[in-house]
Amino acid sequence: MLTEEIEKLALSLPGTQENAHFGARDFRVGKRIFMTLPEAGRAVFKFTPDQQRMLLEMEPGVCAAVPGGWGARGWTSFYFVGADDELGRQSMETAWRNVAPRSLVAKNGRH
């Protein structure tokens, strides 16, 4: 995946807006952030700790817990350059579902 592809995918999710947080671009639903782009080639997704553990076991070369308390709460780095596009899409949709209002998730099916 390329940065442009991940941006386009994020903005295609219902209710998503781009903003900035701690000097990094972020993507959110309402006021809740589901993804940031802190540097080239890396996205940070909002997962639950259980989702994070599962992804770290399945994709240790692509994903890593963010250091410190943020990572303990599920925030996970995803190195998207060269990563499987489907894994990137599924990870982003999971992060989006984690923060989107239930009514928006239910209304938009797979998203």
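Starting from 1, each residue takes its place in the sequence as its number.
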Contacts of R53 that satisfy side-chain hydrogen bond (donor to acceptor under 3.5 Å, both in side chains) - sequence neighbours left out: D50

Non-neighbouring partners of E7 that pass side-chain hydrogen bond (donor to acceptor under 3.5 Å, both in side chains), sequence neighbours left out: R25

Nearest heavy-atom neighbours spanning A100 and V105: CB-CG2, 3.7 Å

In one Ile/Leu/Val/Met/Phe/Trp/Tyr side-chain cluster, 4.5 Å: Y79, F27: no

Table please: side-chain donor-acceptor pairs of residues 65-76 below 3.5 Å, with sequence neighbours left out.
from	atom 1	to	atom 2	distance (Å)
T76	OG1	Q52	NE2	3.1
T76	OG1	G74	O	2.8

P38 versus A24, closest heavy-atom pair with distance: CA-CB, 3.8 Å

Side chain to side chain, L13 and M92, heavy atoms closer than 4.5 Å: yes

Non-hydrogen atoms of V62 and A83 that approach each other most closely: CG1-CB, 3.9 Å

Partner residues of T36 under the side-chain hydrogen bond (donor to acceptor under 3.5 Å, both in side chains) criterion, sequence neighbours left out: none

Any pair counted as salt bridge (charged side-chain N to carboxylate O under 4.0 Å, His left out), so long as it reaches residues 29-47, sequence neighbours left out: E39-R42

Candidate pair R89 and E93, rule salt bridge (Lys or Arg N to Asp or Glu O under 4.0 Å), full reasoning: CA-CA 6 Å; R89 185 189 61 74; E93 287 182 2; 2.9 Å; yes

Which atom of P14 lies closest to which atom of V29, heavy atoms considered: O-CG2, 4.2 Å

Verify same cluster id: L104, I33 (apolar side-chain graph, 4.5 Å): no

Path from L11 to L37 over hydrophobic side-chain contacts below 4.5 Å: yes

Rounded distance (nearest 0.5 Å) linking atom CE of M54 with atom CD of Q51: 7.0 Å

Flag side-chain contact, heavy atom, 4.5 Å: S91 against F80: no

Residues that T94 engages under side-chain hydrogen bond (donor to acceptor under 3.5 Å, both in side chains), provided they are two or more places apart: R97

By ring-ring contact (aromatic ring centres under 6.0 Å, His included) - contacts of F45 (at least two apart): F47, F78

With Q17 via side-chain contact (heavy atoms from CB on, under 4.5 Å) - residues at least two apart: none

Inter-residue atom distance K8.NZ - E4.CD, 0.5 Å rounding: 11.0 Å

Counterpart residues, side-chain contact (heavy atoms from CB on, under 4.5 Å), relative to N19 (two or more places apart): D26, R28

Approximate separation, where rounding is to 0.5 Å, of C63 SG and L55 CG: 3.5 Å

Cluster overlap V99 with M35, hydrophobic side-chain contacts below 4.5 Å: yes

